[in-house]
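What follows is one structure encoded as structure tokens, with my remarks underneath.
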Amino acid sequence: ETLGMSAPSFSDWKSNYPNLINMLEDTQNSEVALSVQRTANYKCWGSLVCGFLLSKLFNGPPLGASGPSVMQERLRQRQEEQEQMVRAAYAQASEQLKRFDELRELKRHQEFQELQEVMEKSSKEAQGQQEKLKEEHRHRAKILNLKLREAEQQRQRQEELERLRKEEGQERLRRLYSIQEELLQLNQQIDPNYRHKDLPRIDLSAYSNRGNQICGLVSGLIRTTSERGFPTQADVASTERALQEMRGLISSMQQEIAAALEEKKRKDEEEEKQKQKELEKKEQMKSQTPAPAQQSGGKQQKEGLQVKTEESIMQWYQQLQDAAEQCVAAFSEIGNCKGNTEVKKIKTNLQKAATIPVSQISSISGSKLREVFDKINNLLSGKPVQTEGQTVSVTQHPQGLEFVCYKLAEKFVKHGEGEVSFHRDSAFPIAVVLSGIWELHPRVGDIFLAHLHKKCPYSVPFYPARKEGTSMEEYQRMLGYEVHDSKVEEQDHFLKRMSGMIRLYAAIIQLRWPYGNKQGAHPHGLSYGWRWLAQMLNLEPLADVTAMLLLDFLEVCGNALMKQYGIQFWKTMFFIQKSYIPRYDIWG
């Protein structure tokens with residue numbers, strides 16, 4: 001102030017040295033920038049302090065005309081020095097800033113280099129790890145491919161072995177069947193009832209028993225091997241030994257027959273001389289003996305078959321017919337109720353309750369069978385049932401049970417006659433329901449058989465003979481034909497009806513109600529079917545009818561008979577093939 005000058009403020013520094021101040025402001029966050037700013041501030045305040053001291057120093061009395069000029073010169077010099085110092089400080093600060101920028105750039109470059117090295121190192125490690133994983137994956141894939149190839153080869157070997165095993169097994173099985181067929185054919189030659197025309201006393205029962213045992217053993221062996229898969233070589237060897245034994249039996253039997261024939265021939269030669277002596281006497285008596293009467297009729301029956309059914313079966317047939325007639329007589333009041341409206345209503349409701357459930361049985365009514373069975377069983381047990389909105393019970397009339405039994409049995413036969421003849425598979429659901437009802441209510445079964453025998457006499461089996469005085473229409477009805485207005489049904493329709501009833505009968509003898517008590521015996525089981533087949537084969541065949549009935553019967557229950565009777569069944573089949581069918585061709 002004494003020199004007429006004022007100390008420069010920070011704003012003056014900022015206006016005079018904008019670059020320096022801006023640089024300081026830009027670098028104030030860094031350590032070097034703060035240092036430069038403090039240095040500049042120190043210099044500035046130093047100049048201010050120096051100016052203040054100089055002003056105090058020279059704040060005295062006037063020094064004359066030369067005083068101010070000297071002081072001004074000094075001050076100018078001092079100012080120049082300060083400016084030089086500031087420039088020097090600025091230059092130093094600029095150099096420091098440059099060094100700082102260079103240091104920062106170097107540090108950034110180093111960090112970048114380090115980061116790049118770290119990234120390259122990480123990348124190389126990752127690549128190495130990836131290559132290692134790839135190599136391990138390739139190794140594992142190679143091992144896995146080898147294992148898969150080995151597994152595939154093993155599977156192919158197994159399939160080939162299994163194919164070979166099956167082919168060998170099938171070949172052995174065919175061999176067993178061929179051996180069994182040969183055994184059965186050989187066994188046919190051993191008939192326990194065989195009587196040679198020249199050797200009536202020879203007994204072959206021992207050979208027959210042993211032959212049957214051998215056939216039974218082979219059949220059991222084949223059944224066992226079929227259940228477990230294919231036969232082994234040991235099984236084939238066993239059947240071959242059995243075949244050799246059977247051949248040995250035949251050979252022994254033939255040798256025994258030959259020896260007996262030789263013995264018989266020798267005895268015949270010894271007796272020939274005696275016969276020659278008696279021949280003259282017989283010739284003399286022949287002229288005195290009347291000629292035998294000629295046999296009447298056409299061709300004679302062949303030995304071994306019959307025309308009439310056995311007496312015991314006919315007695316059984318007649319007992320069933322008598323039981324049916326007694327049943328009809330037992331509900332005579334319900335049967336003849338034209339004038340009684342109440343009884344007529346009961347009759348109608350009972351008939352509907354008995355017949356409608358049976359009509360609902362078909363080949364596609366599997367889920368309803370139990371419902372149908374329960375309705376019929378409840379009705380026969382005296383329990384009330386619902387029929388077309390009406391509550392019906394056999395207890396509504398004293399003769400209600402007999403009436404329901406008769407109508408129910410009749411409906412089962414009609415259903416077999418109609419439904420089964422057109423839908424053959426329906427025989428099984430009908431049969432299983434009837435079998436269950438038969439087991440619980442035997443009277444229904446007896447009446448069913450009576451109706452069946454009357455509709456289809458071949459189910460006995462029974463060939464009705466035409467009696468004297470019987471009209472042709474009546475005789476045709478006895479044979480099972482339907483006759484309406486003197487017109488007989490067509491043969492195809494007749495055969496279909498007979499087929500349906502026989503198929504139903506064949507299904508009944510092998511099926512039982514699955515929900516019943518199976519501890520007891522079947523009320524009409526396979527033994528009746530076996531008896532029917534045997535009796536049928538003992539009768540002379542009828543054209544069209546016999547062949548069809550045998551086929552239908554064997555189609556339905558042949559498998560069950562085979563399981564039950566084994567070798568005897570196969571002997572029967574061979575009899576049909578070798579003896580019965582040729583006879584049918586002759587007589588049909």
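Worth saying up front: this structure is predicted, and the values here are computed from it rather than measured.
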Run the side-chain contact (heavy atoms from CB on, under 4.5 Å) check on M498 and V545 step by step: do they pass?
CA-CA 8 Å; M498 299 299 108; V545 179; 5.6 Å; no
Check step by step if side-chain contact (heavy atoms from CB on, under 4.5 Å) holds for V488 and F494.
CA-CA 9 Å; V488 183; F494 166 74; over 6 Å; no
After noting the C-alpha distance and the side-chain angles of E371 and Q360, does the key distance pass the side-chain contact (heavy atoms from CB on, under 4.5 Å) rule?
CA-CA 10 Å; E371 180 181 350; Q360 296 173 349; 5.8 Å; no
Between H397 and F331, is the ring-ring contact (aromatic ring centres under 6.0 Å, His included) condition met? List the steps.
CA-CA 10 Å; H397 194 279; F331 62 84; over 10 Å; no
Run W532 and I509 through side-chain contact (heavy atoms from CB on, under 4.5 Å) and show every step you take.
CA-CA 11 Å; W532 181 90; I509 63 176; over 6 Å; no
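Between E410 and K407 a salt bridge is recorded (basic side-chain N to carboxylate O distance below 4.0 Å).
Taking all atoms of both residues into account, the shortest heavy-atom contact from F569 to G558 is CZ-O, 3.5 Å. Contact record, K411 with T355: CE-O, 3.8 Å, taken as the closest heavy-atom pair. The two residues A427 and L504 make their nearest non-hydrogen contact at O-CD1, 3.8 Å. Here the closest heavy-atom approach between residue Q491 and residue D544 is recorded as NE2-OD2, 3.6 Å. The two residues T470 and Y475 make their nearest non-hydrogen contact at CG2-N, 3.9 Å. Looking at every heavy atom in both residues, F428 comes nearest to A507 through CD2-CB, 4.1 Å.
Ring planes of Y565 and W530: parallel class, angle under 30° (limits at 30 and 60°). Ring geometry, W513 versus F373: the interplanar angle falls under 30°, so the pair is classed parallel (tilted spans 30 to 60°).
Rounded to the nearest 0.5 angstrom, Q318 CD and E311 CD are separated by 10.5 Å. The distance from atom CD1 of I376 to atom CD1 of I361, rounded to the nearest 0.5 Å, is 5.5 Å. From Q213, atom CD reaches atom CG of L249 across 10.0 Å, with rounding to the nearest 0.5 Å. Residue L561 holds its CG atom at 8.0 Å from CD of Q564, rounded to the nearest 0.5 Å. For the atom pair C405 SG and I447 CD1, the distance stands at 5.5 Å (nearest 0.5 Å). Summarising the geometry, atom CE belonging to M548 is positioned 5.5 Å from atom CG belonging to D552; distances are rounded to the nearest 0.5 Å.
Between the side chain of Y505 and the backbone N or O of F553 there is no donor-acceptor pair closer than 3.5 Å. Under the 3.5 Å distance criterion, the side-chain polar atoms of S381 are left unmatched by any main-chain donor or acceptor of N378. Within the 3.5 Å criterion, the main-chain N or O of I576 finds no donor-acceptor partner in the side chain of S579. Side-chain N or O atoms of S393 include one that pairs as donor or acceptor with a backbone N or O of G382 at under 3.5 Å. A donor-acceptor pair is defined here as one N or O able to donate and one able to accept, closer than 3.5 Å; such a pair exists between the side chain of Q510 and the backbone of V556. Counting only distance, with no hydrogens or angles, the side chain of R210 and the backbone of E245 share no donor-acceptor pair below 3.5 Å.
L440 places none of its side-chain heavy atoms less than 4.5 Å from the side chain of L380. Looking at heavy atoms from C-beta onward, Q319 lies out of side-chain contact with D446 at the 4.5 angstrom threshold. Using a 4.5 Å heavy-atom threshold, the side chains of E310 and R531 count as separate. Two residues are said to be in side-chain contact when any heavy atoms from C-beta on lie closer than 4.5 Å; L243 and V218 fail this criterion. You'll find the side chain of C327 reaches within 4.5 Å of the side chain of R443, heavy atoms only. Between Y406 and E402, the closest side-chain pair of non-hydrogen atoms is not below 4.5 Å. You'll find the side chain of W438 stays beyond 4.5 Å of the side chain of V444, heavy atoms only. For the pair P231 and R175, the minimum side-chain heavy-atom distance is 4.5 Å or more.
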Could you list the donor-acceptor pairs under 3.5 angstrom formed between side-chain atoms of residues 450-461 and any protein atom two or more places apart in sequence or on another chain?
| residue | atom | partner | partner atom | Å |
| --- | --- | --- | --- | --- |
| H453 | ND1 | L449 | O | 3.4 |
| Y458 | OH | L479 | O | 2.9 |
| S459 | OG | C456 | O | 2.6 |

Show every donor-acceptor pair shorter than 3.5 Å between a side-chain atom in residues 342-354 and any protein atom, with sequence neighbours excluded, or say none if there are none.
| residue | atom | partner | partner atom | Å |
| --- | --- | --- | --- | --- |
| T348 | OG1 | K344 | O | 2.9 |
| N349 | ND2 | K345 | O | 3.3 |
| K352 | NZ | E388 | OE1 | 3.1 |

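Residues that satisfy the salt bridge (charged side-chain N to carboxylate O under 4.0 Å, His left out) test with E182, not counting sequence neighbours, are R247.
Judged by distance alone, the side chains of Q180 and S219 do bring a donor and an acceptor atom under 3.5 Å apart. No donor-acceptor contact under 3.5 angstrom links the side chains of Y481 and E473, judged on distance only.
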